[in-house]
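Down below is the structure, laid out as C-alpha cells.
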Number of protein chains: 2
Amino acid sequence: MAKPWATLGIDLHLEPTGPGVRGGLTDALREAVRSGRLAPGTRLPSSRTLAADLGIARNTVADAYADLVAEGWLTARQGSGTRVAMGALPTPLRQWGSAAVPPVGAAPPRRERHRPTYDLRPGTPDLASFPRAEWLKAARRAFTAAPNDALGYGDPRGRVELRTALAGYLARSRGVRTDPDRIVVVAGFVHGLKVLGAVLRARGVRTVAVESYGLRVHEDQLKAAGLHTPPLPFDELGTDPAHLTDEDAVLLTPAHQFPMGVPLHRDRRAVVLDWARRTGGLVLEDDYDGEFRYDRQPVGALQGLDPDHVVYLGTASKSLAPGLRLAWMVLPPALAEAAAAAKGGIDTCGVLDQLTLAEFLTSGAYDRHVRSARLRYRRRRDALVAALAAHAPEVQATGIAAGLHAVLRLPPASERSVVQAAAWQGLAVDGLTCYRHPHAIAEQPMDALVVGYGTPPDHAWSGALDALCAVLPG
Amino acid sequence: MAKPWATLGIDLHLEPTGPGVRGGLTDALREAVRSGRLAPGTRLPSSRTLAADLGIARNTVADAYADLVAEGWLTARQGSGTRVAMGALPTPLRQWGSAAVPPVGAAPPRRERHRPTYDLRPGTPDLASFPRAEWLKAARRAFTAAPNDALGYGDPRGRVELRTALAGYLARSRGVRTDPDRIVVVAGFVHGLKVLGAVLRARGVRTVAVESYGLRVHEDQLKAAGLHTPPLPFDELGTDPAHLTDEDAVLLTPAHQFPMGVPLHRDRRAVVLDWARRTGGLVLEDDYDGEFRYDRQPVGALQGLDPDHVVYLGTASKSLAPGLRLAWMVLPPALAEAAAAAKGGIDTCGVLDQLTLAEFLTSGAYDRHVRSARLRYRRRRDALVAALAAHAPEVQATGIAAGLHAVLRLPPASERSVVQAAAWQGLAVDGLTCYRHPHAIAEQPMDALVVGYGTPPDHAWSGALDALCAVLPG
C-alpha cells in the first residue's frame with residue numbers, strides 16, 4: 001500500500017521488512033525518479049528528516065541516497081543538498097520509446113516487492129472469505145436470464161437490473177431515498193470521485209472541503225480535477241462542519257469517520273445539511289462501510305434527509321471485494337445525467353458482474369454474506385480489544401464498534417518506533433500520520449496505529465494479533 | 001444508436017419508425033433541451049433544413065417544433081427563427097435538485113424508445129451467438145484457480161494473467177510485438193481513447209489527425225481531452241497520410257478502414273511509419289476487427305513494424321461482446337506507465353472478467369469462438385453480396401471481404417430517401433453521411449449505406465436482408 005510521506009511530497013511504495021529496508025528504500029526512490037514522480041532537480045529532504053518521517057535509521061537513508069548518487073539517479077553537492085539528477089529526465093514529448101533512462105549503467109531491475117508476513121493495513125476486507133461459490137452460482141443464474149442486448153453497449157448509468165436492486169437495498173439498509181434513474185454505477189469509489197470531480201469542476205465548483213483525516217488518494221482525485229481541498233477541523237466530537245462558509249461542496253464519512261472511527265455528531269449532521277440548504281452547497285457522503293456496525297443499528301445515510309443536496313457514494317469493495325470494481329453514486333437528477341455523460345457516454349463497467357451483483361442483492365445472498373462478515377469482523381474487533389486489555393493496557397481502541405479497522409492510541413511520540421518495530425517483525429501496519437491532511441486542523445497530533453483487522457484471512461488473524469501485541473508498548 | 005446530425009450539431013436519439021416519427025422527433029428534441037445538449041438560446045435549423053438532414057417530411061419537423069413551442073421548450077419569433085427557450089435553462093451551479101425545468105406544464109414523460117424490427121446498424125456483433133456456456137465454464141475455472149489477492153485492489157495496467165495471455169495472442173494473431181508490461185487493459189475502446197487523450201494532452205500533444213470517415217464518438221473523446229482533430233484526405237486508395245506534417249499523432253484503422261472497408265494501402269503504411277520516425281509522431285492503431293478477414297490472412301498490425309511509435313488498440317467488443325467492457329492498449333513503455341496512472345492509479349476493470357478472458361485465450365476457447373464467428377459473418381457477407389446481385393444490381397458492396405459491415409454504394413442523392421424508406425419498414429440502417437468528418441477531405445461525397453451484417457441474431461438475418469433489398473433501388 002502506498003504511503004504519503006509528508007516530507008517527500010509523494011507516495012513511496014515502501015515496505016520495510018527485516019534486513020531489506022535499505023534496499024527497499026533505494027528501490028522505491030529509484031522507481032519514483034524513473035517514473036517521473038520525483039522530477040529532475042527536486043531537492044530531497046535531508047536524510048535526518050526523511051528518516052524521522054519514515055521511522056527508520058538515519059544511516060539507512062544516507063546509504064540509500066549514496067547508492068542512488070553512485071547510480072546517477074541523484075546528485076549530492078555541498079550546500080545544495082541531494083537532488084534528482086537532471087539527466088534522469090522523464091521522457092520528453094515525442095520520445096515514446098522508454099521511460100526515464102538512467103544516466104549511467106544499465107536500466108535497474110524492477111523492484112521486488114517484499115510481502116509482509118502479516119498485514120493489518122486497513123482498506124481491504126478478508127478476501128479469503130469472498131463467497132466464490134455463491135458468486136459463481138449467482139453469475140450463472142443472472143447470465144442465463146439476461147437478454148441478448150444486455151451484452152451490447154449499455155446505459156452509461158449502468159445496468160437497470162443493478163440500479164433497481166440497489167435502490168431497494170439502499171432504501172431498506174441505509175435509508176437512502178432514490179429511484180434507479182438517480183443511480184450511476186462506477187468502477188469503485190475512486191472512479192466515482194474522478195467522475196464527480198470532473199462533473200463538479202465543469203459546473204463551476206472550485207472548492208471541496210475534506211476532513212482533516214482521510215485517504216490522500218481521495219483528495220488527489222479531487223485535486224486532479226482542479227478542485228481546492230481545504231480541511232475541516234477535527235476535535236473530540238469528530239469532524240466539525242461549523243466553519244463551512246463559501247465552499248461549494250464537502251466530502252465526509254458521516255457514518256464512521258475514516259480513519260478516526262467516530263460517526264458525525266448528531267448536531268453536526270444538522271449543521272452540514274443546514275449549510276447545504278442555506279448556501280446551495282453539496283455534501284458528498286462516503287458510506288464506505290455502512291454495513292458494518294456491531295453495537296447497534298447504524299445511523300442512516302445523510303442522503304435520506306436531503307436527497308437534493310447530498311451525493312451518496314457506496315461500494316462493494318468492503319462488503320464483498322475491491323476486485324469486483326463496483327461502486328455506486330446516488331445523485332440529484334441533474335448531476336446523475338452529467339455523471340453518466342462524464343463516464344464517457346457509455347457504460348464502462350462489465351455487464352456480467354453488474355448482473356451478478358443485482359442477482360446477489362435480490363436473492364438475499366448479499367444480506368447473508370454481510371451478516372456472516374459482520375459476525376467475523378465483530379469477533380475480530382472483540383479479540384483485539386481483549387488482547388489490548390491483557391497485553392497492552394496503555395493502548396486503547398478508540399471510535400465506535402464498527403467497520404473493518406480500529407485506531408489504537410499510543411503513548412506520545414511512539415508511533416514511528418512502533419510502526420518500525422512492526423515492520424521488522426514482518427507486520428505491516430499504518431501509523432495515523434499517513435492519514436493526516438498536511439494542513440489538518442486538529443488538536444495536538446495524536447500518535448496512533450490504524451489497524452485493519454478485516455484484512456488478514458482467518459488462519460493468519462491470531463498470528464497477526466500476536467505480532468501486533470508484541471510490538472505495542474506494554 | 002445516436003446519429004450525429006450535421007445541421008443540429010448534436011446527436012439526436014431518433015428512431016423514426018412508422019407513424020411515430022413526429023412523436024419521436026418531438027421527444028428527442030425535448031430530451032436534448034432538457035439535458036442541456038441544446039443550450040438555451042440556440043437557434044435551431046429551419047424545418048426545411050432539418051427535414052432534409054433527417055430524411056423526413058418538412059411538415060413533420062414543423063409540427064414537432066410547434067408542439068415544443070406550445071410546451072414552452074422552444075420559442076418561435078418572426079425573423080429570429082426557432083430557438084431553445086431561455087427559460088429552459090440547464091440547472092445552474094448550486095441548484096442540484098433537478099435538470100432543466102420545463103417552463104410551463106408538468107415535466108414531460110421519459111421518451112419511449114421505439115425498437116426497429118430489424119437492425120443493420122454497424123458496431124455490435126451478433127450478441128445471440130455469444131458463447132455463454134463456454135464463458136461461464138471459463139469463469140468457473142479461472143475464478144477457482146485465482147489467488148485471494150486477485151480480489152484486492154489491482155495493478156492499474158490490469159491483471160497480469162490477462163496481459164500475459166494477450167501478449168501471446170496478439171503476437172501470433174496480429175504480429176504485435178510486446179511484453180505484458182506494455183499492455184494496459186481498459187474498459188472498452190472509448191475508455192482507452194479517453195485515457196490516451198489525457199496522457200497525450202498532459203505530454204504536450206495538441207493535434208491528433210483523424211480519418212475523413214470514422215466514428216464521431218471517437219473524435220469526441222480526443223476533443224474532450226483538448227486535442228485538435230483535423231481530418232486526413234480520403235481517396236480511391238483509402239486514407240492518405242502523405243500530408244502529415246507537424247501533427248503530434250494520428251488515429252488510423254489500418255487493417256480495415258472504418259467504415260469504408262479498405263485496408264491502409266501498402267505504400268501508405270510505409271509513409272505513416274516514416275512520418276512517425278522522422279518527426280517523433282505517434283500512430284494510434286485502432287484494430288477493432290482485426291480477427292475478421294475472409295479472403296486471406298489479415299495484414300499484420302502496424303505496431304509490429306515499429307512498437308516505439310505505434311500504440312495498438314484492440315477490443316473484445318467485436319470478437320465477443322461490448323458488454324464485457326474489455327479492451328487493451330499496447331504502448332511504448334513511457335506511455336504505458338502514464339496510461340496506468342491516468343486510469344486512476346488503480347485498476348478500474350473487474351477482475352473476474354479479466355481472469356475469464358485470460359482463461360478463454362489460453363484454453364483455446366477464444367480461437368474456437370473467433371473461427372465460428374468468422375464463418376458466420378463470412379456467410380452473411382456472401383449472402384449480402386448474392387442478394388445485391390439478384391435484387392439490386394446497381395448497388396455494390398465496396399471494400400474487402402472482412403469485418404462485420406459493408407458499405408453499399410448507392411446512386412447519387414439517394415442515401416436519405418433509402419434510409420428513410422428503411423426506417424418506415426422498421427429497418428434501422430445508417431447512411432454513410434453519419435460517419436463523415438464535418439471537414440472531410442474527399443472526392444464528391446458518396447451516397448451509401450453502412451450495413452452492419454453482424455448485428456442481427458441468426459433468426460432475424462434473412463428477414464433483415466429481405467427488408468434491406470426491398471428498399472434498395474432495383
Side-chain angles (χ1 to χ4, degrees), chain A residues 35 90-91 93-99 123-124 127-128 130 132 135-136 139-140 143-144 148-154 187-188 190-191 194 203-205 217 221 248 279-282 308-309 317 321-326 331-335 337 344-353 457, chain B residues 35 90-91 93-99 123-124 127-128 130 132 135-136 139-140 143-144 148-154 187-188 190-191 194 203-205 217 221 248 279-282 308-309 317 321-326 331-335 337 344-353 457:
Chain A
S35 67
T91 320
L93 175 61
R94 315 209 120 210
Q95 177 194 326
W96 317 103
S98 58
T124 305
L127 301 172
F130 183 87
R132 295 194 192 204
W135 188 263
L136 281 168
R140 177 172 296 275
F143 205 25
T144 306
N148 283 329
D149 64 6
L151 290 165
Y153 291 98
V190 164
H191 180 228
K194 192 183 174 85
R203 294 174 78 94
V205 163
V217 65
Q221 288 300 327
D248 301 303
T279 68
L282 188 70
D308 281 347
H309 289 96
S317 294
L324 297 179
R325 301 286 72 210
L326 286 176
L331 305 119
L335 291 181
E337 290 209 15
I346 55 175
D347 198 5
T348 48
C349 298
V351 142
L352 183 49
D353 283 337
Chain B
S35 67
T91 320
L93 176 61
R94 316 209 118 207
Q95 178 195 325
W96 318 102
S98 58
T124 304
L127 300 172
F130 183 87
R132 294 194 193 206
W135 188 262
L136 282 167
R140 177 171 296 275
F143 205 26
T144 305
N148 284 327
D149 65 4
L151 289 164
Y153 292 99
V190 165
H191 179 229
K194 192 183 175 84
R203 295 173 77 96
V205 163
V217 65
Q221 288 300 326
D248 300 303
T279 68
L282 189 69
D308 281 347
H309 289 96
S317 293
L324 297 180
R325 302 285 74 209
L326 286 175
L331 305 119
L335 291 181
E337 289 209 17
I346 55 175
D347 198 4
T348 47
C349 298
V351 142
L352 183 49
D353 282 337

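Here is the naming used below: chain letters follow the sequence lines, and residue numbers restart at 1 for every chain. Atoms considered below: every heavy atom in the structure, side chains included; atoms not considered: hydrogens, waters and symmetry mates.
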Check: B:Leu352 and A:Asp353 side chains under 4.5 Å, non-hydrogen atoms: yes

Examine whether an atom of B:Ile346 lies under 4.5 Å from a heavy atom of chain A, and if so say whether it belongs to the side chain, the backbone or both; otherwise answer neither. side chain

Can you say whether B:Phe143 sits under 4.5 Å from chain A via the side chain, the backbone, both, or neither, judging by heavy atoms? both

Taking every non-hydrogen pair under 4.5 Å, which of [options] racks up the most with chain A?
| options | answer |
| --- | --- |
| B:Asn148, B:Leu331, B:Val217 | B:Asn148 |
| B:Leu136, B:Leu324, B:Asp149, B:Thr144 | B:Leu136 |
| B:Ala150, B:Gly154, B:Ala139, B:Cys349 | B:Cys349 |

Between B:Tyr153 and A:Gly123, the two heavy atoms sitting closest are CE1-O, 3.4 Å

Which heavy-atom pair separates A:Thr348 from B:His191 by the least distance, and what is that distance? CG2-CB, 4.4 Å

If you count heavy-atom pairs under 4.5 Å between each of A:Gly344, A:Ser317, A:Gly152 and chain B, which one has the most? A:Gly152

Pairs of heavy atoms under 4.5 Å with chain B: top-ranked of A:Gly188, A:Ala128, A:Gly345: A:Ala128

A:Leu151 portion near chain B, given a 4.5 angstrom heavy-atom threshold: both

